[in-house]
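Shown next, in structure tokens, is the structure this report addresses.
Because the structure is a prediction, the values reported are computed rather than measured. The chain is numbered in sequence order, starting from 1.
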Amino acid sequence: MSEPAGATLRHPPPSPSGPPPAQLPPPSLEGPPAAQFPPSDPSGPPSAQIPSSDPPGLLPFRDPDRSLADRVADLLGRLTLAEKVALLHQYQAAVPRLGLAAFRTGTEALHGLAWLGPATVFPQAIGLASTWDPDLVRAVGAAVGDETRAFHHKDPSGAGLNVWAPVVNPLRDPRWGRNEEGYAEDPWLTGVMATAYAQGLRGDHPRFLKTAPTLKHFLGYNNETDRDRTSSNLPPRVLHEYELPAFAAPLTAGAAVALMPSYNLVNGRPAHLSPLIGDLVRGWAPEDIVVVSDAGAPGNLVGSQRYHADHAAGYAAAIRAGLDSFTQDDADPGPTVGHLTEALHRGLLTESDVDAAVRRLLAMRFRLGEFDPAEDNPYASLTEDVINCPAHQALARQAARQSIVLLRNDGLLPLRATRVAVIGPLADTIYEDWYSGTLPYAVTVRAALTERLGADGRGNGDRGGPAVSYAEGVDRISLSCQGRYVVAADSPDGAPLTLHSGGDVGEAAWFDLFDWGQGVDAVRAVANGRHVSVDDDGLLVNDQARPNGWVVRETFRLVERLDGVVIHHVATDRYVAVDPDGRLRADAADPTDATVFTVELVSSGIAAATAAAREADVAIVVLGNHPLINGRETEDRTDLALPAAQEALVRAVYAANPRTVLALTSSYPFAIGWAHEHLPAVLWSAHGGQEFGHALADVLFGDADPAGRLTQTWYRSVADLPDLFDYDIIGTDSTYLYFRGTPLYPFGHGLSYTTFEYRNLRISVNGASDAQADGEPSVAADGEVTVRVDVINTGDRTGDEVVQLYTRQLHSRVKQPVRQLRGFRRVRLAPGERATVALPLRAADLAFWDVTRGRMVVEAARHRVLVGRSATDIALTGTLTVRGERIPDRDPYRRPLWAIEFDDYAGIVLRDESPDTAGDVVGAAEPGAWISFERVDFGAGAARVRAVASGGPGTLTLRLDDPLDGPVAGRIEVPATAGRYAWAEAGAEVSGATGRHDLYLILDTEGVAVSQLTFATGGR
């Protein structure tokens, strides 16, 4: 079934990652008059307040032969302070006297150019990563970059060149609403894919950027629920080993040139104020990076987060932390300029602070070629011809095809069928997600199979061929109240739903019911094929082509009661009642005020589906999620289950025809245990874009070998997951790195239509020949080895294999991952063909964060080297000895024991030491919370201990070797303090702390926080 002709979607409202493109307002030359600012900071450019009267063509900043630094400095020096402040908003004002055009940060380009009109739509980011093909991902990025340039050439003000992609948050929890935006649960693989995509976006010219890619969202961001108010707990090891590496890779490579902080707080501090931006992240990149805020996040510093007392203070803190551009108040820079102006007046900012941010913004604009002759910039000539061009269409098909993962197959695939039934709510539609481009066309699964096989047995031309039958598999219902039926208009634009009091109403009273999970349904009127929405007046109207928009107004819950159902509108949290004019209106605040409806089944979706399945040789059931419902930005999932109606559908189809293939199309993993146990074949892909139908048909019929591999663990149940808000993957045994259960499908999983054998694992030390006496390879901490393995295609078809290299440290001072991905290589082999795959492994990559000394360390240890098809399907193993460091015992006298450098904990919360300092501290979330410091060498004995603490009055108890029963070494009474940021020193005598012990610090009082402990011997 095609989409209704002429269907129109509502224009989307502003995105949390920036508003959709809009025409810039007329450039404002006004800004705070220079006389209103405090005197220029003497450290700033001396000419900062002196307008230039030189003709623009002669200005040094326009001289392409000068260095970038000189050109930026010249332009910066010609701007007034008012003009510079006006550049700190997303919508930068023009400066006509210098020939500067208006400029806007933020064009969405996650897997295609979004919101600007039809453009090539590639698979979702999680799908691109599932190709395990960085070269392909880079090619997709390059295509998106070309189309961005083409749109910019057509409309410079509407299509900005600072693109907000890629998303590099590791996919810690599959319930995260934005799961489809990321690449993998593994940080290293995320970094590889993000680097590839960003390299494509930015281009490979040594001087000019094609676009300016922006990494999202720094830092610790994997929940939508209360995302601007929750704080992500990131202990030091989780921070340095899991969260930061994904961001470091594309920045270190110079692939990304900008960064966007996230909405949440990290260890109690808003991410937009993270000291890591200035202290660490900027040091990774070879060039200055621009830091742009997420939409509305600066206002949250005072609003939902209440971290600062007023906007001037909050905005000043953001600038000082490293923020360069404020995405706030849509296209209106006025409030931002006003807040920054006030901050300058109050001495919260200096002109040099402003200059630092503006310098970085200008450097990005220079690198994009704005101030150079167009003929010098190879990207300036890209025009509309590249948008959805044949080459990009072919690339979209290749990317979609290579992203498809074969999860299970008992030999049913590839198909050799003569009649096929294609079934399911996703079988004849292609959905866009929030960051999709506008589809220029859409090849559905049904359309692709019909194109290949024919719909009526005639096939293509006169070759003959199998038939394709179709069933959407959704129930058709009617709604009535006291004998009167709800009816919908048959006009393309729809009309308010009403209760009909006449006779036969026929199709006008029929509605198709789509179950999208968690009790949420969408309703489509049969009369005109449009979805039922709720307009601004609360009226139910059948006028939408599909669920859409930032606020999806096309979803409902049918709440059962003894006498029928009441209808709850999800977006407005209102119930449906019939008004005096007989119209359905979502305006009842309470279900007791809602109209009770009777639901009658007109036709069963399962009955139609099973009828089609019985007549077919093979049934292909296409299920999954709607990317704007249940699991999307602002909305996390609560479970991993398929929607109940979809689960019932696939079970019924299988009962009717055991030769059933399940093709899942979704933004995230599902718990599909029944399907895995019963169905002969299961495939998965992300939402695959405009060419998805062709791609799936290619794989189903064996034109292409299934090439995708999972980049996330597929769990058997939500019970396998920790609390969504607990970011400590080490402590909670989360992700494939630490999970000790048996997943439904492991990280890296994906089958082929052929078979591969692995032989002859070799580990050779690069540039050295040293080995231990027993022949086991040994490498220094700064050395590198090459792992080689022979791979043979032992089947009768050409196929793709992704050879994966993992390691596991066998002995360590700390808890180590069960396994960790270190490398991979995709190979394509003909039947009987053999290839030697060489995978480099640097010993430095085996480092972890040493909490005792606050740095990365390569520990002296043996490592298991594992090569195989997935994280759990290991074909060959070897052993490698790394000659690294031995971590010494903690010396409590040499330096303080910082509370944040604990080894283990229970019942604590991590928070900031102060808004003005960079430290993190440990607080008690409950009485009896504790942290531990392992292997503390007290030597001859500690005599006294002092703590820096807040939140008293309360007690800190020191125990040795056990937090409950260990001997008490001392008790520190924390005095009352003036607030959470008021710190006091308190001390106590210590007894029994001699030799080496594990030290436990028990925070007996909820709310008490500790920064550090300092020990002294009797002689000190």
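With sequence neighbours left out, the salt bridge (Lys or Arg N to Asp or Glu O under 4.0 Å) criterion links Glu180 to no other residue. Contacts of Asp133 classified as salt bridge (Lys or Arg N to Asp or Glu O under 4.0 Å), with partners at least two apart in sequence or in another chain: none. Legend: residues meeting salt bridge (Lys or Arg N to Asp or Glu O under 4.0 Å) with Glu342, ordered by chain and number and at least two apart, are Arg346. Considering only residues two or more places apart in sequence or on other chains, Glu370 meets the side chain to side chain contact (heavy atoms under 4.5 Å, CB included) condition with Ala101, Phe103, Arg365.
For Phe208 against Asp376, the heavy-atom pair with the smallest separation is CE1-O, 3.2 Å.
In this structure a side-chain-to-backbone donor-acceptor pair under 3.5 Å is present from Tyr197 to Leu110. Side chain of Asn264 to main chain of Arg227: no donor-acceptor pair is present (N/O by atom type, distance under 3.5 Å, no hydrogens or angles).
For the pair Leu136/Gln398, a side-chain contact is recorded, criterion being any heavy-atom separation below 4.5 Å from C-beta on.
Applying the salt bridge (charged side-chain N to carboxylate O under 4.0 Å, His left out) test to pairs two or more places apart or on separate chains, none has a residue in residues 249-266.
A side-chain donor-acceptor contact under 3.5 Å links Asp294 and Tyr263. Remark: the Ser352 side chain and the Asp355 side chain contain no N/O donor-acceptor pair separated by less than 3.5 Å. Using modelled atom types, one finds no donor on one side chain facing an acceptor on the other under 3.5 Å when comparing Asn300 with His272. Judged by distance alone, the side chains of Asp146 and Thr148 never bring a donor and an acceptor atom under 3.5 Å apart.
Between Tyr315 and His339, the ring planes lie perpendicular to each other; the angle is over 60°, past the 30° to 60° tilted range.
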Which donor-acceptor pairs under 3.5 Å do the side chains of residues 378-386 make with protein atoms, sequence neighbours left out?
| from | atom 1 | to | atom 2 | distance (Å) |
| --- | --- | --- | --- | --- |
| Tyr379 | OH | Asp204 | N | 3.2 |
| Tyr379 | OH | His205 | N | 3.2 |
| Ser381 | OG | Pro378 | O | 3.4 |

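When each of Val292, Thr327, Thr105 is tested with Met260 by the rule side chain to side chain contact (heavy atoms under 4.5 Å, CB included), just one qualifies, namely Val292.
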